[in-house]
Amino acid sequence: MKAYALVLAAVLSAAAVFAQEAKAPGKTTENFDAAAVGALPKGWTVDATNPKGDLATWKVAPDANAASKPNVLAITAIPDGAKGVFNLCWTNAVAFRDGTIGAKVRADSGKIDQGGGLIWRVKDAKNYYLCRYNPLETNFCLYYVKDGVRKKLAEAKDLVVKTGEWFAISVTQKGDRIACSLNGKKLLDATDATFADAGGVGFWSKADAASSFDDLEVSAE
């Protein structure tokens, strides 16, 4: 009986370890497939940097061409398509300082601007880091936005991902070191200490760029 109890204790201990690993503290994934269609994911909010009018409409929507079916988070209406407006959808329910954040993005339309990307260490609608790809400009850029003003930290040019094609953005940050990859290829490296503390995470587009987003993964250290 004693031997059985020892074996049972060992099994329960191993199960507890497995459960802890399965929960993967610090890792968050969101593919929007469990979210209510036509609404925002729980804990997310729509915002804008330098808005001139009404905010863009973001919502979970079914998409036959989703990066992971059936749903995406999409920008479906942009009443304020002014060139200097940045459209945001983000959450502060996930605190990110160091680690890796990634997602799939698709440029659906836009005449002034297209595409979009990730924001992280978000303090509010005017203060965050940003990495984005723009099919119209064929460039991949890393910025910070401070007090509503965007400053470029690094850029890779002449990259071709067509409108309507999914692309993957991944960002790794450790302290003030930032590295960004597009479709699995590391293209940007920078050092910046503008935002040193943990902040929220989310998605970004500019002006009239209507885009879709899927498969957000956040691994915080």
Side-chain angles (χ1 to χ4, degrees), residues 23-82 85-96 99-110 112-133 145 148 163-171 198-220:
K23 289 179 182 178
K27 184 172 183 179
T28 302
T29 61
E30 176 61 82
N31 59 17
F32 310 108
D33 295 337
V37 170
L40 288 175
K42 184 178 179 180
W44 287 66
T45 185
V46 172
D47 221 329
T49 308
N50 307 319
K52 303 293 191 296
D54 292 338
L55 297 176
T57 299
W58 297 66
K59 62 184 178 182
V60 174
D63 191 318
N65 296 311
S68 61
K69 297 178 183 178
N71 297 338
V72 300
L73 179 63
I75 305 171
T76 59
I78 307 174
D80 179 9
V85 176
F86 305 154
N87 298 307
L88 315 177
C89 190
W90 66 288
T91 178
N92 58 14
V94 179
F96 179 84
T100 299
I101 178 171
K104 305 287 179 55
V105 185
R106 185 183 66 201
D108 295 329
S109 65
I112 297 173
D113 219 87
Q114 283 190 11
L118 291 165
I119 55 175
W120 67 99
R121 291 192 181 179
V122 182
K123 295 172 65 66
D124 53 40
K126 293 185 176 182
N127 296 277
Y128 50 85
Y129 282 113
L130 158 68
C131 182
R132 70 95 177 110
Y133 173 75
V145 177
T163 303
E165 293 181 352
W166 287 101
F167 54 89
I169 292 179
S170 178
V171 177
V201 301
F203 301 124
W204 179 100
S205 78
K206 181 185 174 190
D208 67 340
S211 302
S212 296
F213 303 83
D214 207 352
D215 296 344
L216 174 68
E217 294 188 359
V218 181
S219 296

Item to check | Derivation of the side chain to side chain contact (heavy atoms under 4.5 Å, CB included) call for Ser68 and Phe32 | outcome: CA-CA 9 Å; Ser68 61; Phe32 310 108; over 6 Å; no
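- Note: Gln114 CD to Arg132 CZ = 11.5 Å, rounded to the nearest 0.5 Å.
- The nearest pair of heavy atoms linking Gly148 to Asn50 is O-ND2, 2.9 Å.
- For residues 30-39, every residue pair satisfying the side-chain hydrogen bond (donor to acceptor under 3.5 Å, both in side chains) rule, not counting sequence neighbours, is listed here: Asn31-Asp33.
- For Asp113 against Asp208, the heavy-atom pair with the smallest separation is N-OD1, 3.0 Å.
- The list of side-chain hydrogen bond (donor to acceptor under 3.5 Å, both in side chains) pairs with a residue in residues 56-67, not counting sequence neighbours, reads Asp63-Arg106.
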Item to check | Working for side chain to side chain contact (heavy atoms under 4.5 Å, CB included), residues Trp166 and Val72 | outcome: CA-CA 12 Å; Trp166 287 101; Val72 300; 3.8 Å; yes
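- Between the CH2 atom in Trp204 and the OH atom in Tyr128 there is a gap of 7.0 Å [rounded to 0.5 Å].
- Atom OG in Ser211 sits 7.5 Å away from atom CD1 in Ile78 (nearest 0.5 Å).
- Between Ile101 and Leu216 the shortest side-chain heavy-atom distance falls below 4.5 Å.
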Next on the checklist: Ile119 vs Leu130, test: side chain to side chain contact (heavy atoms under 4.5 Å, CB included). Steps then yes/no.
Outcome noted: CA-CA 5 Å; Ile119 55 175; Leu130 158 68; 4.1 Å; yes
For residues 37-46, please give each side-chain donor-acceptor pair under 3.5 Å, one per line with the distance, not counting sequence neighbours.
none

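- Heavy atoms only, all atoms of each residue included: Ile169 and Tyr133 are closest at CD1-N, 4.1 Å.
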